[in-house]
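Structure first, then comments.
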Amino acid sequence: MSVAELKERHMAATETVNSLRDRLRQQRLLLLDTDVAGYARSQGKTPVTFGPTDLVCCRTLQGHTGKVYSLDWTPERNRIVSASQDGRLIVWNALTSQKTHAIKLPCAWVMTCAFSPNGQSVACGGLDSMCSIFNLNTQTDNDGNMPVSRMLSGHKGYVSSCQYVPDEDTHLITASGDHTCVLWDITTGLRTSVFGGEFQSGHTSDVLSVSINGSNSRMFVSGSCDSTARLWDTRVASRAVRTFHGHEGDVNTVKFFPDGNRFGTGSDDGTCRLFDIRTGHQLQVYDQPHGDNEAPHVTSIAFSISGRLLFAGYTNGDCYVWDTLLAQVVLDLGSLQNSHDGRISCLGLSADGSALCTGSSDTNLKIWAFGGHRKVI
Amino acid sequence: MSLEVATVVEDAAEYSFAMEYHGPPITRELPRAVPINVDRIPVAAVVSPLAFSDNLSLPIVQPISATDIIGKKLSMDLKLSSSSAELLTVSPTSVIAFESRNNEVSEGSYSKELGLGTEISVSPSSVGNALDEREPENCHSNDVCALSGELSSDFECCHRDGGVNGTNERGYSSISPDNSCELGGVGTSEALGSLDSFEKSRDSSGSLHKSRLSSGFKESLDFNESNRTDWASNESVLSMDYLSSRVSSRKFGDGNNESGCDVRRAPVVTFCDIESDDENTNEEFTRSEPEVVRAKKEPAVKVKKGACYRCLKGNRFTEKEVCMVCDAKYCINCVLRAMGSMPEGRKCVTCIGYPIDESKRGYLGKCSRMLKRLLNDLEVRQIMKAEKLCEVNQLPPEYIYVNGRPLYHEELIMLQSCPNPPKKLKPGNYWYDKVSGLWGKEGQKPSQIISPHLNVGGPIKADASNGNTQVYINGREITKVELRMLKLAGVQCAGNPHFWVNDDGSYQEEGQKNTKGYIWGKAGTKLLCAVLSLPVPSKSSHPCGEQVTSMISRSMPDYLEQRAIQKLLLIGYSGSGTSTIFKQAKILYKDIPFSEDEREQIKLVIQSHVYSYIGILLEGRERFEEESLNDLRQNQCSDGSALAGHVDCNGEKTLYSICPRLKAFSDWLLKIMASGTLEAIFPAASREYAPLVEELWSNPAFQATYKRRSELETLPSVASYFLERAVEILKPDYKPSDVDILYAEHVTSSNGLSCVDFSFPESAYDDDADSGDLHDSLLRFQLIRLQAKGFGENCKWLEMFEDVRIVIFCVSLSDYDQFAIDGDGNAVNKMLLSKKFFENMVTHPTFDQMDFLLILNKFDMFEQKIEQVPLSQCDWFDDFHPVVSRNRPNNANHPTLGQLGFHYIAVKFKRLYAALTGRKLYVSLVKAMEPNSVDAALKYAREILNWDEDRPNFSLSEYSIYSTEASSFSH
């Protein structure tokens, strides 16, 4: 069989795959007779209302000198780690708003950071294609720098996102610009499994975000520049459990819904979407029309503890609070008094759901608490 | 080598080649250059100084339009306020007269107030005009030169206020500055507000502030009128250099402020009337302790004494934390709320970014008990660290005068980081004896001996320590105490000698060579010094030479590091030689370019590469063997069957055949390579196979293959460098040299990025005027190399490099006939891929307004290649038609084909860049293998950054010369 012939067959096969995909989408659309918002409205639900004191900025964490790129809470709720363009990780006490650690990174171009479940160490990754683990209990050296306690090297592209497997301090999942996700064993520093890459069912472009299912830590979802999100089972590295199409731009961020059966995505096409992992359907699109201007990209999302609210940061500086049921914007954090000056680049909800932390390109982080007499939602 | 470079560059400077015209024939007339008649060129006539008589009216730009506007706006108020009229009657038309009259009236009271007045000054935001006083007499000594016209008028009116009301309301002056001088863009409203608040607190009549204001304006306007002639003469000088708005503000300053002006330039006009007055105040000021120069930032709220500033509770016995800036005090419940996360230490949230109150400098980094109770250890440590190290809390260099000159930033760093820094450095006037290291406050005896030979401040003055003994040490008249000490130490001081004292205490008389003794040589002297509270050299003082060199290598505090580092981003399409340039920079500027670990790593990489090269050769050998066998067979067939019998018995042996043992090795190696596990196996197995490689290398078949290596496309061009030395390299004790590392591929971290911090070493042959500057030696650079892989359309993280100063884009010149597989699987010319990548980078939003330096690399290979392969191999270069003279070689004035090609490509890229951005592209020619060439390119990048900083000073024409003659840069 000649090369030309092979190429031809390959072309034909690709064609078939695409047409099948198209049919699948058609079929899905046919089956999708309603979305969450439509159903909720028919049930007579009303959107959440926010009073002026219901969500207030109660702390401002100042100390970074560059744009804040990423943040993460400890499970025991009172500490935050943030990563910034100034090449530092800062660990904050959210209650006193003080720094407890300022770690100067060997590679300043950090993109992501994560707290370990026991709160003893932090992980970060960036353009150096490594995931570095710092043990917060180690003594700093003479120059005041904290030594790296473990380097996880093996990615061939930048590390865009990392998250510890819940309740396991020794396992960590990273997403990378080399189109793969990797499950690491921190004690040995070796890769336990690689998701995607050589395997055809993997992402076909840079993976930008991962989120691990809170109720079943074997499942995780990844979002990529190929405008898809994929669901993976850590026991089956060879192929993705499911691929979620729908977005028309890079999927910048994915986050599991608190119940673990759904997940949300945010994308360059300016929309957030909610997908169901069991059916593979798209449940809802959260889209705010922006006139004829190009829609601002979604940079980061987070769900409230009940899942009723979806917080989404946009590149134009907005930070909408969506009612997930009715798909309506109920509040714009960016327009509130004493909000950030710059765009909000990362969001995180504390584990008990009582506070939201936002990191911004104005170098500050802010903690927003649900005030008033409102129950935590 | 360097010579060669030099000639190349010289050539480049001397010629430029015009391209042949290929367009359609021109129908219209070509414009001809008209010869210039030198006599007819208009020249500026010399202005005769006599032209400015007092009554000559010259057209002038009306100064301070803003004042006029405000004045108009306020004219209503003017009319309405009755008290203003009263004040106006007091003031005559000329402000000078007014001032003098005012002075006359209240001479006595002013003298008393002088001390009071000097305590106050400008708010921290207006750093430029640090000298600002509220005394009526001193009104004209405020420095408004740097301000815009509007602001200066505001200032003026406030000060006038002080002047007018100074006699009856002393307290006013102490309050107004913080508010009215908040500057920024504030206008009159701000001043009004401040006055308002003041008024309330002072309980004065409500209309008073209006009257003040209007009087202020009136006066400033009057002032303009009365001094018009002076300005006219002034303007004739100024208006040539400055924009009109600047001129007007300048003029205003001139009129008011003799002292402020002559700091900047020689005065053109002299105001006899004011000057005498000014000189005094100025003198007064510099003599006074500059500690008082800065205003205190007042807390936002006024509370009763002792209470917490936030909850307003508590008394003076409750424990409180104090803001380092505004002196606000907070109780334990409020401190965290009021001070937030304390990114700069203990400051109110509103005070963040403001310099601290100098009187509290001693408390920096010293934690209170309250904080310790409130926060845990780690948090406290972070706060104290931030407090001590953050930039805004550092000593402001402009408030430290050494030998009568304010320090620059770098000088202060040097002073503080020297082995023996002055203790408890506070803003103030100091003298410093560079030779002996003696250090003291101006007008006082020495207080300490610091490291000598620091290049800070001006030359020491004879009266620095205000001595009157007529005995001089290093040009300073010493004090009586010192003289007594010298006498007791046994130094002959008869006849008012001039001594020359070195830092080790050895002294000699001026003009004489022999050392007369050591002042601090005897133990008794030290004791004596202690009794007289004179300093003695500290034990830790080192020989002087060491100190200066160690200065640079000292680790700098964090905040300095952040500021001083200049980031250079090095990118290029894969194979363009960025890694070689990066390695070269490492070798050039680092003392230890590669650590032992790195070298070990590199050694393994090189070894495994050598195996892969051998593998490629062996593969080629099989092919050649097959080919030659085929040839042989065909030959035999054509020769006829007569010899067939012979062929069968020895026909399998050709030039390329090897013995079975090597054959087995070869098969095995090829199998491993095919399976892609070469890296996993090889460096480890190298000990075992090294002897085999030795045998293989000496094998004639292998050598024959090696001779035909140019036919093997997969073999990289550097392979021969390593293969020649394969036997040596594969030995276990092989240590890669710097050159080996330069040649080796994939030894810099293959994924993502690598960066190296360096500073250009000061070298003797560096003939740049400014390179010897202190500033430059502290300048540190960071070269960041990014792998081209991963720069897709979705390159989101490029914005992380928005803080780089310049992008160095690397293109391999020899790529023009090479092909690479692009994303769609098509073979595309590598030069075109490079071009596409270049376009992507140049138009990337992150690099908007970024300077680009194009490095055209691999010129050495290009020069060879262009002789054989025409440049038009690449579609982009199809219109390259060089004019090549017959007797080309050995003629220095004629550029070689390679140079022509380089210029052509450089122009191509420049045009492309100009079309995309409308700016100029800097181009540098580099042979990455040659250290000098890389050094020159990086220095060129530094020059570009320097130009960038002085860009406003460059006229356009100068600028374009630099950018077009880019390649003429050399060392």
Side-chain angles (χ1 to χ4, degrees), chain A residues 7 58-67 69 85-88 90-93 95-102 104 107-111 126-130 136 140 142-144 153-160 176-178 205-206 208 224-226 249-250 252 268 297 361 363-365, chain B residues 335-337 339-345 347 349 352-353 371 374-386 389-391 555-559 561-563 565 567 676 749-755 757 782 784 786-787 789-803 825:
Chain A
K7 263 190 181 161
C58 61
R59 300 270 190 283
T60 302
L61 309 181
Q62 291 173 297
H64 277 301
T65 56
K67 293 177 178 178
Y69 276 116
Q85 201 185 20
D86 60 11
R88 266 161 223 279
I90 295 186
V91 180
W92 307 87
N93 182 341
L95 297 179
T96 62
S97 71
Q98 299 302 322
K99 301 183 270 250
T100 58
H101 297 83
K104 193 174 174 210
C107 169
W109 297 275
V110 59
M111 300 171 94
L127 289 188
D128 58 353
S129 311
M130 311 250 208
L136 295 180
T140 54
N142 293 335
D143 300 336
S153 60
H155 273 301
K156 293 192 178 68
Y158 59 93
V159 175
S160 56
S176 162
D178 62 5
S205 188
D206 302 9
L208 297 176
S224 156
C225 283
D226 61 8
D250 304 357
N252 290 326
D268 272 0
H297 305 170
S361 50
T363 74
N364 295 336
L365 295 108
Chain B
V335 65
L336 284 183
R337 294 287 174 107
M339 295 194 179
S341 51
M342 308 191 209
E344 294 171 358
K347 294 180 181 179
V349 172
I352 287 169
L371 271 191
L374 206 57
L375 302 171
N376 71 32
D377 254 11
L378 286 167
E379 290 168 5
V380 168
R381 206 182 305 157
Q382 291 293 337
I383 293 170
M384 292 305 133
K385 203 172 140 196
L389 296 179
C390 91
E391 190 175 357
S555 69
M556 290 202 277
D558 252 0
Y559 70 95
E561 221 164 272
Q562 287 283 325
R563 154 207 288 254
I565 212 148
K567 294 179 179 173
S749 71
S750 55
N751 38 7
L753 96 188
S754 31
C755 58
D757 288 10
Q782 185 175 46
I784 307 158
L786 271 181
Q787 196 80 10
K789 201 167 50 183
F791 284 108
E793 281 88 68
N794 310 318
C795 190
K796 305 197 158 194
W797 43 272
L798 216 53
E799 69 179 44
M800 288 189 154
F801 295 97
E802 64 190 0
D803 58 341

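To find a chain, count down the sequence lines: A is the first, B the second, and so on, and within it residues start at 1.
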Legend entry - chain B interface, residue from A:Gly177, A:Gly63, A:Ala102 that has the most non-hydrogen pairs under 4.5 Å: A:Ala102
Using heavy-atom distances under 4.5 Å, tell me whether [X] contacts chain B through its side chain, its backbone, both, or neither.
X        : answer
A:His101 : both
A:Val110 : backbone
A:Thr60  : backbone
A:Met130 : neither
A:Asn364 : neither
A:Cys58  : neither

Legend entry - Which of B:Val380, B:Val349, B:Leu374, B:Ile383 touches chain A most, by non-hydrogen pairs under 4.5 Å: B:Ile383
Legend entry - Chi angles and distances behind the side chain to side chain contact (heavy atoms under 4.5 Å, CB included) call for A:Asp206, A:Asp250: CA-CA 9 Å; A:Asp206 302 9; A:Asp250 304 357; over 6 Å; no
Legend entry - Engaged part of B:Arg337 at the chain A interface, taking heavy atoms whose separation is under 4.5 Å: side chain
Inset, instruction - Measure B:Gln782 against the heavy atoms of chain A and call it side chain, backbone, both or neither at under 4.5 Å. - result: side chain
I need the [X] [atom1] to [Y] [atom2] distance, nearest 0.5 Å.
X        : Y        : atom1 : atom2 : answer
A:Gln85  : A:Thr363 : CD    : OG1   : 10.5 Å
A:Leu61  : A:Ile90  : CG    : CD1   : 9.0 Å
B:Met342 : B:Leu336 : CE    : CG    : 5.0 Å
B:Ser754 : A:Leu127 : OG    : CG    : 11.5 Å
A:Trp92  : A:Gln62  : CH2   : CD    : 8.0 Å

Inset, instruction - Decide yes or no for A:Lys67 and B:Glu802: does some side-chain heavy atom of the first lie under 4.5 Å from some side-chain heavy atom of the second? - result: yes
